[in-house]
Amino acid sequence: MGGEEVVVRRGGRAASLQALVAHCTEYGFVFPSSEIYGGFAGVYDYGPMGAPLKRNVKEYWWRAMVQLHANIVGLDSAILMHPKVWEASGHTAHFFDWFVENRKNRKRYRVDQVVEAWVDRLRAEGREGEARRVWEAFEEALRSGRSEELTAFFRAYRVEDPEEGAPGDWGAVRRLNLMFVTWAGATDEDRQEVYLRPETAQGIYVNYLHVQRSARLRVPFGIAQVGKAFRNELIFRQFLMRMREFEQMEMQFFVAPEESEEWFDRWIDRRLRWYLALGFDRSRLRVQPHKHLAHYAQKAVDIEYRFPMGWKEVEGIHLRTDYDLRRHQEFSRKKLTYFDPFKQEHYLPHIVETSAGVDRVFLAILSEFLVWEQLDEGSGGGERVVFRCPRWLAPVQVAVFPLVRRDGLPEVARRIFDALSLHFVCAYEEKDSIGRRYRRHDAIGTPYAVTVDYQTLEDETVTLRDRDTLRQERIAIPDLIVRLKELLDWSELLRRVRES
RNA sequence: GCGGGAGUAGCUCAGGGGUUAGAGCGCCUCCUUGCCAAGGAGGAGGUCGCGGGUUCGAUUCCCGUCUCCCGCUCCA
């Protein structure tokens, strides 16, 4: 990538986005979807290394949320839901954009932006009355929900193109729906439009009383869910950052209204700690308040990570108030209030939402921990690619190698593989030189390598190599499992998440 | 969506209107090899993104299309 600055991180050169994408394909982390047919924008497949890494990211999240909190429980709700859900949530009304094209310069704009720009300009010129009339007419057209009305407005009012400063030659106003639509019902008569969920949250809201009653929970409590969501975005850029099909890790925390702000702040801290516990550098994480609040939110922040292409959101934390429950209560005409046994009153809990993108976290982990490191002479010199993946999340945890491929070493190594693979995700390799095998596993992030050498035949010990330090310790075969369990145990990671 | 760049082997890329399209790395087989991408021999792998056009002949030129990258834009 021309002119990109070289970022040094963790004793090595950080990957550019391009290098990162290449590494992902080469080592089987991520492939573009349907590539033999020319690819399918905004969709990616996770390969032999990516699939386990992604699973481990979700596993870590689940443990940090559900396992670590007595008052947070899990849920796995369906992707398809009753269409009314999306009316109640506001998605049917808000989750689309109106676009208009100026045929003169072939530029496409979002209608609200064009009109806003023009009204601002009228105001700046002191034409307040005109500005107000335009805005009112626009709002009326918008309320109609019909593209014909909006098209007529653009033409009748000779709306100015913000870039040309002159009325545009406006084409028909078109609606771009950001939700995926499909049909339920096998015959034409039974057909009913249904949506692929654009967020997983609604599955939690509509189930919240079932969950609360069956798990006998009291406010404050949380419901956690990991699952796919779908959005028909306009453009896809930056690899895994914006996808048509993506996965979310969402936790909805139900609290008493007067405690909502306090919990909102508390969850920002906790969620930030989740990243820091993995070893993310604090300087590449930040909490950004939202400039524009969504229709449901009273307060909102993003946790952003500094990717090779700049600061990008990995997780959103929102104070959604009782908006969603109130709407569902209204649309379903079912009572959704919670009875608080301490206060002896019924109310709609307020909700603090933490919503992280699995794919974005995955990309952040690769960005943060994949480096090209210069080795000193003692380690053979030259450069190595090393994915300093947090060891609990590594796609392969232990690699087992015979030093050479003869003299009975492979047999011993294979026996060790058999024993270890009952406990850990292991790889066994005997081809190529030992150095090459180490490097191959450095590149996919395998934290530990066990090597069987000639001394093993004499005293039943092997070497245990650490990916990051390159150091080897001599260890008796019977002690291997205990030692590795100690090293790979999740409790250390989870303790870091919990500690304040 | 606009502007710019690019699609050639698994990866990174070179090439170029005219026989069998190349390199490095990787991959496979054999030999060699006592700890950090060693060496030798042999081998597999490409309808040059896809469709159409121009031409005696197109991977090369033209048009369209898809995908990727950069900038803008967009982003519940």
Side-chain angles (χ1 to χ4, degrees), chain A residues 1-4 16-19 21-28 31-44 89-91 94-97 99-102 105-110 113 162-163 174 176 178-179 198-199 201-202 229 231-239 241-243 248 290-297 300 302 309-310 312-313 316 318 320 353 355 357 375-386 401-407 409 431-443 449 451-457 462-463 465 467 470-472:
Chain A
M1 208 174 289
E4 181 155 335
S16 66
L17 183 61
Q18 231 172 16
V21 173
H23 191 86
C24 279
T25 316
E26 166 116 52
Y27 289 96
F31 309 123
S33 166
S34 316
E35 213 203 4
I36 62 169
Y37 290 102
F40 190 59
V43 185
Y44 292 91
S89 71
H91 284 84
H94 292 104
F95 212 64
F96 63 85
D97 290 317
F99 274 82
V100 67
E101 185 178 293
N102 184 353
N105 57 9
R106 298 197 62 238
K107 289 249 175 188
R108 219 196 230 188
Y109 304 100
R110 248 175 62 180
Q113 289 176 341
E163 289 182 31
R174 285 185 299 160
L176 298 186
L178 298 184
M179 278 198 288
E199 64 173 28
Q202 300 304 326
R231 288 180 199 173
N232 241 328
E233 302 283 359
L234 259 184
I235 11 173
F236 312 97
R237 283 292 159 81
Q238 295 162 338
F239 200 37
M241 282 306 300
R242 294 189 76 193
M243 300 197 290
Q248 296 182 308
H290 272 210
K291 290 141 248 150
H292 304 292
L293 289 177
H295 64 271
Y296 55 72
D302 286 341
M309 61 282 188
K312 301 279 173 190
E313 173 187 356
H318 306 117
R320 294 180 75 134
E353 168 189 73
S355 174
L375 292 174
D376 53 43
E377 289 309 313
S379 309
E383 201 183 41
R384 71 162 179 163
V385 190
V386 54
F401 309 134
L403 181 62
V404 291
R405 214 174 172 180
R406 53 156 204 268
D407 302 328
L409 267 47
K431 276 177 28 177
D432 298 313
S433 72
I434 189 71
R436 188 190 292 277
R437 283 175 275 165
Y438 285 146
R439 293 299 163 81
R440 233 176 356 235
H441 278 274
D442 288 341
T451 303
V452 172
D453 56 16
Y454 285 99
Q455 193 179 328
T456 309
L457 302 180
V462 291
T463 62
R465 172 202 187 250
R467 174 196 66 202
L470 298 174
R471 272 202 282 276
Q472 288 175 282

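Computed from a predicted model, the values in this text were never measured in an experiment. Chain letters run A, B, ... following the sequence lines, proteins first, then strands; residues in each count from 1.
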Base, sugar-phosphate, or nothing for Leu403(A), non-hydrogen atoms under 4.0 angstrom?
base
Students often get this wrong, so: under 4.0 angstrom with heavy atoms, is Gln472(A) touching a base, only sugar-phosphate, or nothing?
base
Taking any heavy-atom pair under 4.0 Å as a contact, classify Arg231(A): base, sugar-phosphate, or nothing.
sugar-phosphate
Taking only N/O atoms, report every protein-nucleotides 38-45 of chain B pair under 3.5 Å with atom names and distance.
{"unit_1": "rA38(B)", "atom_1": "OP1", "unit_2": "Arg436(A)", "atom_2": "NH2", "d": "3.0"}
{"unit_1": "rA38(B)", "atom_1": "OP2", "unit_2": "Ser433(A)", "atom_2": "OG", "d": "2.9"}

Quote, to the nearest angstrom, the P distance that separates rG18(B) from rG43(B).
29 Å
Could you list the residues that satisfy salt bridge (Lys or Arg N to Asp or Glu O under 4.0 Å) with Arg437(A), not counting sequence neighbours?
none
Please work out the stems of RNA chain B from pairs that are Watson-Crick or G-U wobble with both distances under 3.5 Å, keeping only runs of three or more consecutive pairs.
B:1-7 with B:66-72, B:10-13 with B:22-25, B:27-31 with B:39-43, B:49-53 with B:61-65
Under 4.0 Å between any heavy atoms, over every strand shown, what does Arg406(A) touch: base, sugar-phosphate, or nothing? Just pick one.
base
Please identify each residue that fulfils salt bridge (Lys or Arg N to Asp or Glu O under 4.0 Å) with Glu383(A), with sequence neighbours left out.
Arg13(A)
Quick one: label Ser355(A) by what it contacts on the DNA or RNA (base, sugar-phosphate, nothing), any heavy atom closer than 4.0 Å.
nothing
Starting from the 5' end of RNA chain B, give me the residue, Val43(A) or Tyr454(A), whose nearest nucleotide shows up first.
Tyr454(A)
Test of understanding: with side chain to side chain donor-acceptor pair (under 3.5 Å), list the residues that count as partners of Arg436(A), not counting sequence neighbours.
none
Between rG71(B) and rC35(B), how far apart are the two P atoms, rounded to whole Å?
47 Å
Salt bridge (Lys or Arg N to Asp or Glu O under 4.0 Å) involving Arg231(A) - partner list, sequence neighbours excluded:
none
Give a yes or no on whether a salt bridge exists between Arg465(A) and Asp442(A), defined as a side-chain N under 4.0 angstrom from a carboxylate O.
yes
Can you check the distance between rC69(B) and rC36(B), where both ends of the measurement are the P atom (answer in whole Å)?
39 Å
Mind checking the C1' distance from rG53(B) to rU60(B)? Whole angstroms is fine.
15 Å
Pairwise P distance, rU73(B) and rC48(B) [rounded to whole Å]
40 Å
Tell me every residue that passes side-chain contact (heavy atoms from CB on, under 4.5 Å) with Ala41(A), counting only those two or more places apart in sequence or in another chain.
Phe236(A), Arg244(A)
Taking for Glu26(A) and for Arg405(A) the nucleotide of RNA chain B with the nearest heavy atom, the one nearer the 5' end belongs to Glu26(A)
Calculate the interatomic distance between Asp442(A) atom CG and rC35(B) atom P; express it in whole Å.
17 Å
Between rA14(B) and rG5(B) - P atom distance, rounded Å:
16 Å
Sugar-phosphate, base or nothing in reach of Phe239(A), heavy atoms under 4.0 Å
sugar-phosphate
The criterion is salt bridge (Lys or Arg N to Asp or Glu O under 4.0 Å); which residues satisfy it with Asp453(A), sequence neighbours excluded?
Arg474(A)
Using the C1' atom as the point on both nucleotides, what is the distance between rG26(B) and rA9(B), in whole Å?
11 Å
Rounding to the closest angstrom, what is the interatomic distance between rC11(B) and rC27(B) at atom P?
14 Å
Is the number of heavy atoms from other residues, nucleotides or ligands within 6.0 Å of CZ (Phe31(A)) greater than 12?
yes
Protein-nucleotide distance (Arg440(A), atom CZ; rC11(B), atom P), rounded to Å
17 Å
Taking only residues two or more places apart in sequence, or in another chain, which ones meet Gln202(A) in a side chain to side chain donor-acceptor pair (under 3.5 Å)?
Glu199(A), Asp324(A), His328(A)
